[in-house]
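What you are looking at is a predicted structure, and each value in this text was computed from that prediction instead of being measured.
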Amino acid sequence: LSAWRNPASEDKVVPLAEAIAEIDNGMTVAIGGTYLTDEPIAAAHELIRQDKRHLDLVLTEGACLAGDLLIGAGCVDSVMVSTLGFMRLGAIAPRFRHAVEEGRIRVREVEQNHVHAALRASAQGLPFMPTLSGLGCDYASVNPDILTIQDPFDGASVTAVRALQPDVMIVHTKYSDAAGNAQHGGSLHYDVIGCRASANVIVMTERVVSKGYITRNPHATHVIGYNVRAVCETPFGCYPSEAEAVYTYDLDEYREYLRAAQNSHDFDEYVSSRIRRTASWEEYLEKWAGWPRLAGNLSVRL
Amino acid sequence: VAKQVVSVVSEWRSVAPTVETHGYSSAELMACVFARQITDNSMVGVPGVRSEVALAAVGLAARLYTQNLLFVNMSIIRAQDHLRSLTLTGFTFEYERLRSAPAIYEQDRFYDLLHRGSIDYMFGGGMQIDQWANTNTVAVGGWERPTLRGPGGAGLSSVTYAQRYFLWLNEHSTRVFVPEVDFISAAGPHARRKAGGYRPGGVPDVATPLATFSIEPDTLRLSLRSVHEGVDPATVVRNTGFDLGPMDGEVPVTAPPTPEELATLRNEVDPRGILREEQPYG
């Protein structure tokens, strides 16, 4: 029996570990959030804890800790990403950089709007999407999913990007009802087009709320339950990233990660102590963050 | 040999303006250079990965040079009155910045605005820039096995579709200013024209710790527009890996920050002094 619920179900609330267990090795997995914000870190931990392999990751511009962890932990064969870094903390994500320089992962080299175009095509059931992104650039020479084509009407050049349908997208939201109608706390990132394009969606949420709470303000619902397969209540599920309007990021933990990620020995120790040797996300939070620190980061009362 | 390389790569450091030598940092000067070019009633955007000089320029322009600016970034839109309270934190996206925003939108909409040419001013940078103002944030060395893997192309090829875009480089050396970039991740006007694009896109202006550059309209090459206070044009030539053409007459000196600009920057835009810190490479 799958932990993933039927899209029409009214109750898709399942533990995160069970939802992640349904992801097979080799699947194309899109991860939501941007920069230090709304990264579904708990899901990344669980993918590593369950030792998923050969994933084809899809990340957005400014992807950060989740992607670097997954790549460093050996879960990833290829990644579609336009930037993977930690902003001023470190422009280039260290495990990503090493994996590419050592030839251990394949990069589907893209400009950010190529990601949007690939997802927009999928969302609309089209084989490809034209865009201006990357004209005159070198993306098409290294990425077979990008071509320069002629506008069939007027003959000018445009870039064509092949559609991409992720098998599953994992997003973090502030609130969700049990059916997966979910509301972000702030920025929407590329989560909306990502969910529209994906075959399945796993919603991580700070709190599962009543159907009535969501229906009071349906305009704020940007992740719609119709392709959501699991709703996982994961308080502080973005830690150390920021959940907008819930808690801010923890720069000390980012710096700790970046120190460890400079070499593979310290990185492996970081991953085994914080992830592989902890039984659950809750244990990780308790042991490595601590509730006082988490409470101190709260932006508002939940 | 390694020592020689280091000395060539770091020569710019000994010449670039610093608070100690000039009373202002290169990053503060670059913010002023861009702020002065932002005209009233325009729409301006900032990138996400690195934004301190861009945000400072916008914050400064909003306080000193414009009445009416519309600010957009990957998820929010804000008007001039809010820009006047913008201060640098070192990060582009924070919940703080969302407060009092009239709208929050999907990131891909921001790219739609860029591609339609709706954004008047935008910002970007790179690990390498060449004579055509092509920039590279993807890979130095071969793409397959780079000697330096960059963070990726981000949205910078889309940025070139803003009417005008400001490129700032924190290092002015021959490893940054190269004849041809190793990977074009954002195409300059020449490469875009050659590709026969549906839209021509925008025009870049460049600022570095040593000088400013603009695009020569006929050749679409970068040309030297000004050198910063105390910088010899010959130093710029030596640290630029491509031909800057004949220097006819005096090269103008970049107007240093005015007392008003500097006071506004330090008291209001950047009270934490982020622009006076060492800026990261690229």
Self-check item: Interface moiety of B:T137 toward chain A, non-hydrogen atoms closer than 4.5 Å
Solution: neither

Practice problem: Output the option from B:P146, B:S157, B:G152, B:A195 having the highest count of non-hydrogen pairs under 4.5 Å with chain A. | Solution: B:S157

Quiz item: What's the shortest heavy-atom distance between A:Y139 and B:F183, and which atoms?
Solution: N-CZ, 3.8 Å

Quiz item: Is a side-chain donor-acceptor pair under 3.5 Å present for B:S185 with A:E111?
Solution: no

Exercise. Please assess B:Y161 against A:L135 for the test side chain to side chain contact (heavy atoms under 4.5 Å, CB included), listing each intermediate value before the final yes or no.
Key: CA-CA 11 Å; B:Y161 287 92; A:L135 276 179; 3.9 Å; yes

Practice problem: Show your reasoning for whether side chain to side chain contact (heavy atoms under 4.5 Å, CB included) applies to A:R88 and B:E277. | Solution: CA-CA 12 Å; A:R88 271 184 83 82; B:E277 293 168 4; 3.0 Å; yes

Practice problem: Pick one of side chain, backbone, both or neither for B:A139, based on which atoms fall under 4.5 Å of a heavy atom in chain A. | Solution: neither

Quiz prompt | Test item: A:E101 side-chain N/O and B:R145 main-chain N/O as donor-acceptor pair under 3.5 Å | solution = no

Quiz item: Considering the options B:E106, B:Q107, B:R109, which one meets the side-chain hydrogen bond (donor to acceptor under 3.5 Å, both in side chains) requirement together with A:H116?
Solution: B:Q107

Self-check item: Side chain, backbone, both or neither of B:D112 within contact of chain A (heavy atoms, under 4.5 Å)
Solution: side chain

Self-check item: Structural part of B:L156 lying under 4.5 Å from a heavy atom of chain A
Solution: backbone

Quiz item: Most heavy-atom pairs under 4.5 angstrom with chain B, which of A:V142, A:I193, A:T148, A:D191?
Solution: A:V142

Quiz item: Heavy atoms, side chains only, cut-off 4.5 Å: are B:P151 and A:I92 in contact?
Solution: yes

Quiz item: Can you list the steps and then say if A:Q112 with B:S158 is a side chain to side chain contact (heavy atoms under 4.5 Å, CB included)?
Solution: CA-CA 8 Å; A:Q112 181 52 31; B:S158 299; over 6 Å; no

